[in-house]
Structures are given as structure tokens and as C-alpha cells.
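Report on one structure; see the data block that follows.
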Amino acid sequence: MRDPNRFHLLEYFSCFLLFGSVIHLVSATETDKILLNCGANGETSDYDGRNWTSDVGSEYALAGEVSIVSDAATQKPSVPIVPYMTARIFRSEFTYSFPVASGRKFVRLYFYPATYANHVASNGVFSVNVGPYTLLKNFSVAETAINLNFDFISKEYSVNVEFGTLNVTFTPAPGTPNSYAFVNGIEIVSHPDIYASKGPPVSVGTSTASSIDNFTALENVYRLNVGGQIISPSGDTGLFRPWEGDTAYIYGSAVGVPVAADPNIKVNFPSGMPDYVAPVDVYTTARAMGPTPQVNLGYNLSWYFDVDTGFSYLIRLHFCEIDPKITLINQRVFEIFINNQTAETEADVIVWASKSKVPVYKDYVVFLAPGSPRQDLWIALHPNTALNPNYYDAILNGVEIFKINTTDGNLAGSLPIPAPKQPIIDPSRVLSHSSSKSNSKQWIIGGGIGGGIAAILLVGLFVCFRSCKGKRRTNPSSSIGPSGWLPISLYGNSRSTTTTTTNTMGSNASFLPSNLGRHFSFAEIMAATNNFDETRLLGVGGFGKVYKGEIDGGVTKVAIKRGNPLSNQGLNEFQTEIKMLSKLRHRHLVSLIGYCKENTEMILVYDYMAHGTLREHLYDTQNQPLTCKQRLEICIGAARGLHYLHTGAKHTIIHRDVKTTNILLDEKWVAKVSDFGLSKTGPAVDHTHVSTVVKGSFGYLDPEYFRRQQLTDKSDVYSFGVVLFEILCARPALNPTLAKEQVSLAEWAQHCHTKGILDQIIDPYLKGKISPECFKKVAETAVKCVADQGIERPSMGDVLWNLEFALQLQESCGDMEERISDEMPLNSRSNGSSPSSFSHIS
């Protein structure tokens with residue numbers, strides 16, 4: 001039993017000490033509240049009712065500094081007048097000097113990319129420094145706005161001032177012809193030191209967390225009211241922080257459910273926690289996973305955030321247990337993952353806060369290693385099953401993410417990744433346009449701009465059409481797998497479609513960002529496999545050989561897949577496998593530990609799966625037959641993994657090579673989907689399919705996808721239907737030795753189902769052990785999965801539900817399997833040579 005006191009007593013004591021030092025700083029908030037509308041005439045008010053003063057003739061500009069003021073040449077309808085319609089422009093270094101009280105300050109900068117006094121927006125490239133800190137370097141407002149698809153940009157920083165003067169310096173980029181710097185608005189607001197470390201910060205993964213102290217500068221890159229509405233600056237706790245909603249950052253379509261406290265419920269801040277840490281509205285709304293435990297166990301509630309690499313990030317998660325049913329510890333316990341690393345295994349808000357309706361926050365620090373300039377930072381929640389809580393659920397109320405300055409005082413990063421060219425339209429949501437911490441949102445309702453959307457769609461379809469035509473010219477062959485890739489199981493052989501091409505490999509690992517998993521040296525791989533000792537061989541496939549290995553001093557067992565330099569597998573699929581699995585974390589997906597890329601070597605390192613592939617336990621094997629319950633649980637696990645790919649990811653992911661050799665079993669017989677080298681991101685919300693050259697494995701290949709070269713998630717459903725028939729019939733998907741009508745398991749099983757004799761071709765081992773109701777449900781599900789047209793097939797979520805129901809039907813029959821005494825010897829199990837050898841179910 002966990003002791004709840006050990007989690008929060010020390011924190012309360014630390015907060016109490018902190019509170020005493022904060023009282024003075026709160027008074028400073030009233031002293032230092034500067035809102036400067038640059039280039040404006042006189043005092044103005046913004047949409048939030050706050051008053052801005054002009055910098056024209058102000059005391060803040062240092063004597064001798066040269067600049068001009070100008071109105072924006074144009075105004076987009078979405079852009080507020082204050083402070084964005086006027087600007088101060090600098091052709092040389094310019095410094096604002098603000099006399100302020102000592103202590104922490106929010107510095108907020110506002111930019112609108114437009115033409116000012118014949119200065120074109122694209123030349124507005126500059127740097128910004130505050131004291132010893134570089135906030136922006138070679139920053140292009142115009143390019144940033146284009147890439148983010150925002151109309152205006154705001155930036156927020158927290159810096160400590162020791163000597164009573166805060167200098168903000170703008171410098172045009174010397175490397176950009178005709179460059180200039182500009183700013184539309186500057187806001188300086190004192191704030192209590194609420195982000196300072198109360199103790200050693202919790203480090204996530206391999207991060208080494210340093211304390212947040214007076215020498216630390218922070219950039220707020222995201223601030224979300226999770227599950228709730230936007231909170232404007234005036235709705236904050238006097239610190240004028242804008243809070244966004246979280247819907248734009250949720251990973252995939254598994255969005256959980258937003259929840260809100262009863263309006264009559266009062267949130268009680270604990271002793272030692274100031275009530276200005278976050279607004280009450282943050283703690284009275286949240287996002288949970290949903291009311292169905294079976295569904296919750298099958299996915300992670302995830303958010304993703306585009307950030308710079310090469311920096312550490314302070315991640316503050318806000319919690320408040322507002323569900324009236326949850327008042328005790330161990331009722332709702334969950335795991336927290338940050339950037340695919342475990343941050344908490346037993347997150348229990350009641351333990352942290354001591355009781356319900358009491359806010360609490362937890363701070364974590366994670367380092368994103370340099371590699372590609374930017375990557376996604378992930379936050380994911382999953383129910384804890386080990387403690388057997390009352391509710392298999394998770395909850396989150398708010399998120400704040402801060403970039404921490406480097407040792408040389410740098411906070412400047414790279415340009416954000418461009419926004420998708422084609423619009424993502426979801427009529428059930430309102431889309432927002434703002435910076436990552438903008439204080440404004442532009443709400444766009446689909447019906448109000450129908451004509452504009454229609455025009456955009458036409459352009460998007462034209463671009464897509466031209467793109468597809470270009471791809472067809474590049475790959476004129478319509479044969480399977482024109483890239484020359486032979487899909488294989490992690491541990492063994494497979495029959496896959498292929499054509500032969502030359503494999504091209506680089507000489508080093510520079511083709512991949514260093515943050516995509518652990519990078520092993522070839523020497524480490526040699527040591528792990530005892531120089532690729534053949535006694536450690538687990539399997540051989542088209543990619544090469546798979547060995548059992550040991551890393552970290554023999555503590556961790558792994559599977560090491562070594563590519564054959566002469567194989568037909570390509571570098572693209574090697575990269576796809578790494579990039580896909582580095583961003584996916586799920587109980588029923590195989591975990592990629594890392595990779596090795598040296599010279600001609602392409603090696604992947606996975607978690608070791610003690611029981612190998614599902615196929616190894618179905619036919620042509622001396623392994624003990626799987627019980628009916630085991631088969632169902634394995635299929636349910638695999639279905640959960642595929643359901644997560646289809647609905648729980650940032651974009652739909654289509655596996656494209658679902659088969660029994662790509663379903664692996666760990667030491668506890670937990671099923672994990674593997675081999676993502678053929679995986680492809682699914683269509684945008686406004687598209688029904690992805691046009692792509694056909695790849696996959698014969699016997700499992702969706703016939704509609706083969707005919708039309710239009711890939712959907714229903715292609716995976718078809719392949720999974722074949723898997724269901726394999727576990728029922730214990731024979732290969734293709735068996736060329738049989739009569740023509742029986743070669744394809746999918747076609748033969750459908751024929752037998754239509755004739756009412758499907759029970760005659762099931763695995764003899766299942767005779768008398770599978771209940772008729774369970775068999776009927778699994779068979780019907782498999783038949784629906786392999787329907788000729790994708791529109792007639794169920795979703796993977798429906799498949800999962802049917803299989804869980806089938807398991808309940810089987811379990812309702814009690815120990816049927818144990819009561820059967822006429823189990824067949826292993827050597828009598830069929831290898832699919834003749835369907836007439838199967839017996840009718842009794």
C-alpha cells in the first residue's frame with residue numbers, strides 16, 4: 001500500500017517557505033506593468049480592455065537611437081488593431097531600457113508581418129536580446145507566420161532582473177540584405193517566482209535537470225487549458241497569461257472526453273500553493289480518457305508539441321480531481337510518459353493533493369538532443385493496471401511548457417516546421433490560429449466560409465492529382481513493391497510481394513536525427529551478439545538475420561535485426577521503421593530500442609519477444625497449441641495495437657503488412673504488432689484514401705487496394721481478417737499445394753462460411769474447446785473483415801469490440817478447454833494440407 005503522505009508533505013513545506021518570499025513579489029506586479037504600443041499615437045485599449053501607452057517620445061528609448069514609426073500597409077480581418085497595426089522599425093541596433101523593480105518579469109513581444117514604410121515583410125529578419133539572454137536570432141516574422149499559418153505572432157519570456165533595469169535590444173540580421181528589425185508591442189509584467197525549483201526537478205529519461213534559479217531564462221512555448229476553453233489575459237490570475245485550448249494538440253482521433261466540474265463545486269488551493277499559479281478555470285476543467293475501461297486500456301491519451309531540439313524543457317502539468325466519484329487514493333491511477341520516456345508510473349492526483357477538488361502541479365525536465373532542428377515533444381497518459389485501480393482512466397487539467405536557456409544564455413531556436421499545404425477540416429471543431437502562446441484566437445466556422453473552403457479543396461485536389469501523376473512517372477510499374485522491399489517478420493521468413501532493385505545505403509547515420517531512439521555503434525552490436533554467433537539466431541528473412549542479444553552489461557535481452565547488404569530491402573523502409581516506432585508507444589506495439597547505421601550496416605534493435613511470432617504457435621510447429629482463450633487474447637491485443645495506429649496517433653497510420661509473422665508474443669504472451677517498414681500515414685480528414693503504389697504480402701493483401709491502388713485503414717482490417725481465419729483454421733494464408741479453390745485461406749473460408757461448413761475447416765485442436773457462440777462471433781467478424789469492398793468492412797474499433805465480446809462468450813462456458821480429455825497429440829496437428837481432415841464442431 002502506498003503512503004500518500006510521502007508524496008506531498010515535503011512539497012507543502014517547500015511551498016510554505018516559497019510563499020513567504022512571494023508576498024513581496026506580488027506587490028511588484030502592480031509596480032511593473034508596462035504595455036507599450038510601438039509607433040502608436042496616444043493611449044489605446046486592446047480587445048481585452050487593457051490600456052497600452054505609446055512609445056513615441058517615451059523615456060524607454062535610449063538617447064541617440066535611430067528608428068522610424070509606421071502603420072501597417074494592410075490589415076487582415078483577424079488581426080487586432082492594438083498592438084499590431086503600428087510598429088517601430090530599426091535599420092540598426094536599437095535598445096529599449098525599462099526601469100523596473102528587481103525580480104522576475106514576463107517579457108512579451110508582439111509581431112505582425114506586413115509592409116511598413118516600404119519595408120517588405122520578408123526583409124524583417126533580426127535578433128532580440130534581453131540582458132545576457134538571446135531571445136531570438138535571425139528571426140523572420142514573415143516566414144514563421146507562413147510556416148505556422150498564423151496571421152500574427154507573440155512571444156513570451158520570463159527573465160530575472162537583479163539591478164532594476166531591463167534592456168531589450170533589437171538587431172537587424174547582418175547576413176540578410178536590406179534587413180530590418182521591428183516590433184509592434186512590448187509588454188513587461190512582474191510575476192512571482194512561481195517556476196523556480198522547489199527541489200531537484202524530476203528528470204525524464206536521460207535528462208540531467210538543473211535547478212530553475214535567478215540565472216535561468218524561460219520561454220513559454222505552450223500553455224494549455226486542457227479540456228477547457230481559451231482563457232484570455234484578463235481571465236488569468238493577474239499575470240496576464242493567455243491559455244489556449246488543447247484540441248489542436250491532441251494526437252489522433254482518440255481525443256478522450258472533456259470534463260467539467262459542477263458549477264457549485266469550489267476548488268480549494270492547498271496551504272502553501274498560491275492561487276495565482278493557474279486560474280481556477282484550469283482546475284475546474286480537464287480531459288479524461290472516457291468511461292469504458294476496455295477502450296482506455298487500448299490507447300494512450302496523447303498530445304504533441306513542435307519544439308526546438310538542443311534545449312531542455314520545463315514541463316508543468318496541472319491536476320485537480322474534480323470527479324465526485326473519485327475521492328480516495330488508488331481509484332484513478334495512471335502512467336505519464338514524456339517524449340516516450342516514463343515520467344510517472346503511479347500518478348494519483350488524490351495522493352499528490354491529499355483530497356479531491358484540490359489543485360496540484362508536477363514539474364518535469366526533459367532534454368531534446370540536437371539532431372533535426374525541430375521535433376515533436378510528446379505527453380501521453382495511460383491507465384496503470386498493476387495497482388488494479390477502480391477506474392482505468394487518466395486525467396489532465398493543464399499544461400505549461402517552457403524552453404530553458406542554454407549555458408551561454410541562448411533561447412533562440414529554428415523556424416517552425418511549415419504547416420500542411422492542404423487544409424484539415426473537421427466540422428465538429430472550431431479551428432484556432434495563433435502562436436504557440438498567442439493571446440488571441442481566430443475562430444473559423446466551416447459554414448461561414450464554405451465558398452473559400454471549396455476553392456481551397458479544389459486547389460488541394462489539383463495539387464494532389466499532379467503529385468500522384470508525378471509519382472506514377474517515377475514508378476511506372478504497377479507491380480507489387482516496386483521499391484524492391486521484401487517485408488519480413490522481425491523473427492522469421494514470410495511470403496511477400498517483391499521486385500528486385502539495387503539497395504542503396506549511405507556511409508553513416510546522418511540521414512536520421514539523433515533523437516530517434518538510441519544509436520548503437522557496430523562494436524556494441526558485435527558485443528551484444530557475441531560476434532553474431534549463429535547459436536543466437538532467431539530467424540532469417542528477406543532483410544537479413546535476427547539474433548538474440550544482450551545489452552547494458554547483459555541486463556537487457558534484445559532482438560537484433562541485421563540487414564543483409566545484398567538484400568532487396570531499402571534504406572527508405574529502414575528509416576520508416578525507425579521514425580514510426582520512435583514516435584509510437586503502446587502496450588501492443590513492439591518497442592524499438594535503437595538502431596545502428598555504420599557504413600553498409602543497417603541494424604535495428606528491439607525488445608526481445610520470448611515467444612516469437614504468432615505463426616510459430618499455429619501450424620508447422622512442435623510448440624504446444626494455443627488454447628482458444630490464448631488465441632482470442634492475442635488477437636484482441638493485436639487489434640488494440642492496430643486500433644491505436646488508426647485512431648490514436650497524430651495522423652492515421654496504416655500498417656500495410658498485418659500478418660501472423662508480424663504479431664509477436666512477449667514472455668507473458670502479450671501480443672505486439674511489429675514491422676513498420678511499409679507503414680504509411682493515412683489520408684487527411686477531408687480525404688478518403690491515399691493513392692500509393694501497392695505493397696504488402698500475398699494472401700493478406702486487400703484486393704480493393706490491389707485493384708485501385710487506393711490505401712485506407714480498411715486495408716489493415718482485411719489483413720487482420722485473414723489473421724483471424726489463421727487462428728481459427730491453423731493453416732497458412734496461402735498454400736499452393738492445395739486445390740485451386742483452397743489455396744487462398746480468405747477465399748476458401750468465405751466460401752465455406754457461405755455454405756455453412758466453416759466449422760469443418762477449423763483447427764482440430766479446437767474441437768469441443770471453443771463454444772459455438774464464440775466461434776460464430778469470431779467467424780462472422782473475420783468474414784466481415786475480408787469483404788471485397790472496404791466500405792463494407794468494420795472499423796478496427798468494431799473488430800476489437802466483437803473480439804472482446806467473443807472472449808466473454810468463451811469465458812461464460814467456464815473451463816470448457818480444461819474439461820476436454822481427448823486432446824490430440826502435437827504431431828497430428830494439420831499443416832493445412834487437406835481441409836477434409838478437420839472435424840465438425842460438437
Side-chain angles (χ1 to χ4, degrees), residues 205-206 340-342 369 486-494 503 505-506 508-509 511-512 514-567 569 571 573-582 584-617 623 661-677:
T206 58
N340 289 336
Q341 301 290 330
T342 302
L486 179 62
I488 67 161
S489 156
L490 176 57
Y491 289 161
N493 296 304
S494 67
N503 181 32
M505 291 187 285
N508 54 56
F511 66 94
L512 283 169
S514 61
N515 51 49
L516 296 184
R518 180 174 170 183
H519 181 255
F520 291 87
S521 67
F522 187 63
E524 289 178 293
I525 298 296
M526 291 283 284
T529 59
N530 193 21
N531 298 330
F532 296 104
D533 187 348
E534 290 297 308
T535 62
R536 299 191 175 200
L537 190 65
L538 295 174
V540 181
F543 184 93
K545 296 181 177 180
V546 184
Y547 297 84
K548 182 178 179 180
E550 296 175 346
I551 61 173
D552 300 330
V555 175
T556 305
K557 293 181 180 180
V558 293
I560 296 176
K561 185 160 68 171
R562 183 190 189 190
N564 181 354
L566 300 179
S567 78
Q569 303 258 57
L571 181 62
E573 286 72 23
F574 179 70
Q575 295 180 44
T576 299
E577 179 86 357
I578 297 172
K579 291 179 179 179
M580 284 288 184
L581 285 181
S582 68
L584 298 173
R585 185 182 182 93
H586 192 274
R587 173 177 170 81
H588 295 290
L589 300 181
V590 69
S591 296
L592 177 70
I593 295 175
Y595 65 96
C596 171
K597 179 69 179 69
E598 289 185 13
N599 299 320
T600 60
E601 294 288 347
M602 290 193 299
I603 298 171
L604 298 171
V605 182
Y606 302 86
D607 277 345
Y608 175 67
M609 297 289 107
H611 289 297
T613 71
L614 172 58
R615 178 174 176 173
E616 294 169 13
H617 300 274
N623 290 323
T661 50
N662 282 344
I663 297 174
L664 306 183
L665 306 171
D666 69 11
E667 71 277 6
K668 296 181 179 179
W669 298 95
V670 175
K672 297 179 184 289
V673 179
S674 71
D675 278 16
F676 291 80

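This chain uses plain numbering: 1 for the first residue, then up along the sequence. This one's a predicted model, so the numbers in the text were calculated from it and none came from an experiment.
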Once you round to the nearest 0.5 Å, how far does [atom1] of [X] lie from [atom2] of [Y]?
X	Y	atom1	atom2	value
Met526	Phe532	CE	CZ	6.0 Å
Glu601	Ser521	CD	OG	11.5 Å
Lys557	Glu667	NZ	CD	9.0 Å
Tyr595	Ile603	OH	CD1	12.5 Å
Leu614	Leu665	CG	CG	6.0 Å

Inset, instruction - Measure the acute angle between the ring planes of His611 and Trp669, then classify it against the limits of 30° and 60° as parallel, tilted or perpendicular. - result: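 Judged by the thresholds at 30° and 60°, the geometry between His611 and Trp669 is parallel.
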
Under a 3.5 Å distance rule, please check whether [X] uses its side chain to pair with a backbone N or O of [Y] as donor and acceptor.
X	Y	result
Asn531	Asp533	no
Asn623	Glu616	yes
Glu598	Phe522	yes
Ser674	Asn662	yes

I'd like to check [X] versus [Y] (side-chain heavy atoms, cut-off strictly below 4.5 Å). Are they in contact?
X	Y	answer
Val670	Arg587	yes
Leu589	Lys672	no
Leu604	Leu592	yes
Ile525	Val605	yes

Check [X] against [Y] and note the closest heavy-atom contact, atom names and distance.
X	Y	value
Thr661	Leu664	O-CD2, 4.0 Å
Thr529	Arg536	O-CD, 3.7 Å
Gly594	Phe520	CA-CE1, 3.9 Å
Leu538	Ala559	CD1-CB, 4.3 Å

Legend entry - Pair Val673-His588, side-chain contact (heavy atoms from CB on, under 4.5 Å): steps then yes or no: CA-CA 6 Å; Val673 179; His588 295 290; 5.7 Å; no

Inset, instruction - Using distance alone, with no hydrogens and no angle criterion, decide if Tyr547 and Glu534 have a side-chain donor and acceptor under 3.5 Å apart. - result: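 Yes, a side-chain donor-acceptor pair sits under 3.5 Å.
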
Legend entry - Qualifying residue, where the test is side-chain contact (heavy atoms from CB on, under 4.5 Å) with Tyr606 and the options are Ile593, Ile560, Val546, Val590: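 For Tyr606, the side-chain contact (heavy atoms from CB on, under 4.5 Å) check succeeds only for Val590.
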
